[in-house]
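I have placed the structure first, in the form of structure tokens, so that the comments after it can refer back to it.
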Amino acid sequence: MYKRQDQLAKPFATKQTLATDRGSCYTHRMPNDIRTRWDELALPFLRIRGRNLPAAQQVRHACREQSFAITPLDYNAPDQTMIDPALPLQEPGNAQGAPDPGYRPAFSTLSAEQRWVFWNWLRTHEGNAPVGYAILYLQHLEAALFDAHAEAALAEMRWLFNHHRALSVRESTAHALAVGAWLHRQPDLYAWIINQVGSGSWNLEVLLSLQNDLGVPLSAVQVIRLGQFFRHSWSAWAKQHEREVEQAVVAELATAGQSILSQQVDALRAEQRTAQVQLVNPGIRFLVQAVDVWNSPAFQRAIKDLLESSARSAQLGGHFTSRSFAATATVSYTHLTLPTSDLV
């Protein structure tokens with residue numbers, strides 16, 4: 001699920017280098033070597049008050065230490081997600097347990113019983129936790145994309161995506177995974193996540209540009225989802241033969257040499273602009289240089305043309321050539337209901 005702490009690279013920040021960052025430091029225990037129940041979890045990406053930088057400051061520090069092509073914003077934004085180990089935990093005393101927290105709770109607003117439920121869920125990694133706990137955890141993982149535990153955080157995000165059933169959690173996690181894959185130059189991870197969810201309800205005008213920057217071609221799932229965003233009209237036959245259409249899209253993409261996205265981005269390169277990326281954690285907000293291919297009429301037409309030719313090819317009995325790319329574009333066809341927009 002994640003690397004052991006002794007397998008991770010040394011932290012970018014040390015107590016000495018962060019002396020000017022409001023006294024935050026990277027130690028694995030509280031001052032004076034005091035251990036807390038949160039230390040029992042052995043999750044290196046949890047962010048503890050008094051040990052770690054707030055998320056916004058962590059992003060700023062990472063940009064100084066690494067070559068991220070981003071401009072951080074909100075340098076001093078408060079981080080309401082950080083764990084305060086001084087606050088007590090109390091196991092719920094009745095069968096009903098603690099009430100579920102809100103959608104995006106601050107750690108300090110959780111009751112002692114809710115903090116215990118959150119702690120126990122992290123300890124066991126079992127069950128489909130209420131959304132509030134999952135979103136709180138995701139914000140910790142997002143901040144860890146900017147410290148030495150990024151690889152472990154990405155692996156844990158993938159676990160969260162695979163195991164949580166709530167659409168809001170899955171989409172937010174998928175967005176963070178895509179951004180993390182771009183930051184840490186992991187095209188295989190980026191390709192994996194878009195093959196799970198198509199394009200999501202993300203900031204597509206930015207992420208399509210980042211996808212091209214990683215050299216990741218459009219996937220069949222993604223093209224079908226884009227067609228729905230662009231109001232592509234499917235024929236009655238295509239709506240009834242989703243699997244055949246999916247296979248035809250894979251083949252059409254292979255025939256096109258996976259170049260549709262890169263061609264459109266190159267054509268708009270002169271119009272590159274500054275765009276904003278915002279993760280769930282309010283302190284993680286930064287600017288990137290991106291090409292807005294999403295709003296390009298030429299790109300929208302190219303997607304619709306590909307879908308039309310794929311449907312015609314499938315209806316003609318599959319007069320297309322399946323290539324090796326098809327083996328890497330495995331998807332769950334339960335995600336593909338062509339006439340609707342809710343594929344996740």
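Keep in mind it's a predicted model, so treat the numbers as computed, not measured.
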Least distance between heavy atoms, H149 atom then P44 atom: CD2-O, 3.1 Å
Would you name the heavy atoms of H164 and N128 that are closest together and state the gap between them? CA-OD1, 3.2 Å
Around atom CZ of R165, are there more than 12 heavy atoms from other residues, nucleotides or ligands closer than 6.0 Å? no
Rounded to the nearest 0.5 angstrom, the CD-OG distance for Q315 and S310 is 12.5 Å
Hydrophobic cluster membership, L89 vs M82, 4.5 Å side-chain cutoff: no
Do the ring planes of W294 and F229 sit parallel (below 30°), tilted (30 to 60°) or perpendicular (above 60°)? perpendicular
Aromatic plane relationship, F118 with Y133 - under 30° parallel, 30 to 60° tilted, over 60° perpendicular: parallel
Is there side-chain contact between F45 and L141, with at least one heavy-atom pair below 4.5 Å? yes
Assess the residue pair Q90 and Q114 against the criterion (side-chain hydrogen bond (donor to acceptor under 3.5 Å, both in side chains)); give the C-alpha distance rounded to whole Å, side-chain angles, the decisive distance to 0.1 Å, and a yes or no. CA-CA 8 Å; Q90 180 178 328; Q114 289 173 327; over 6 Å; no
Would you call D213-R185 a salt bridge at under 4.0 Å N-O? yes
Please determine whether a side-chain nitrogen of the Lys or Arg among R47 and D147 lies less than 4.0 Å from a carboxylate oxygen of the Asp or Glu. yes
For L287, the hydrophobic cluster (side chain heavy atoms closer than 4.5 Å, chained through members) also holds L73
Closest non-hydrogen contact found for Q211 with P217 is NE2-O, 3.1 Å
Side-chain donor/acceptor of K304 to backbone N/O of G227, under 3.5 Å: no
How close do L279 and A176 get, counting heavy atoms only, and between which atoms? CD2-CA, 4.3 Å
Please determine whether residues V206 and V179 belong to a single hydrophobic cluster, defined as Ile, Leu, Val, Met, Phe, Trp and Tyr linked transitively by side-chain heavy-atom distances below 4.5 Å. yes
Donor-acceptor contact present, side-chain S259 to main-chain S262, <3.5 Å: no
Could you walk me through whether R243 and E246 pass the side-chain contact (heavy atoms from CB on, under 4.5 Å) check? CA-CA 5 Å; R243 185 177 296 272; E246 167 76 13; 5.6 Å; no
On a heavy-atom basis, the closest approach of E113 and G93 is OE2-N, 3.7 Å
Look only at the side chain of D100 and the backbone of P130, and say whether a donor-acceptor pair between them is shorter than 3.5 Å. no
Tell me whether T173 contacts the main-chain N or O of R170 through its side chain, where contact means a donor paired with an acceptor under 3.5 Å. no
Taking atom types as modelled and ignoring hydrogens, do the side chains of Q247 and E242 form a donor-acceptor contact shorter than 3.5 angstrom? no
Under 6.0 Å between ring centres, would you say that holds for F68 and H184? yes
Ion pair present between E308 and R301, side-chain N to carboxylate O less than 4.0 angstrom? yes
Is the NZ or CZ atom of R115 positioned over W38's six-membered ring, under 6.0 angstrom from the centre and within 45° of the axis? no
Test side-chain hydrogen bond (donor to acceptor under 3.5 Å, both in side chains) on Q289 and T274 and set out the steps. CA-CA 5 Å; Q289 294 298 310; T274 299; 2.8 Å; yes
Please work out whether the ring planes of H125 and W159 are parallel, tilted or perpendicular, with thresholds of 30° and 60°. tilted
Within the distance-only criterion (no hydrogens, no angle test), does the side chain of E142 pair as donor or acceptor with the backbone N or O of N281 below 3.5 angstrom? yes
Between the side chain of S313 and the main-chain N/O of S309, is any donor-acceptor distance below 3.5 Å? no
Hey, can you tell me if W234 and H232 have their rings parallel, tilted or perpendicular (30° and 60° cut-offs)? perpendicular
Minimum-distance pair of heavy atoms, taken over all atoms of S209 and A290: OG-CA, 3.5 Å
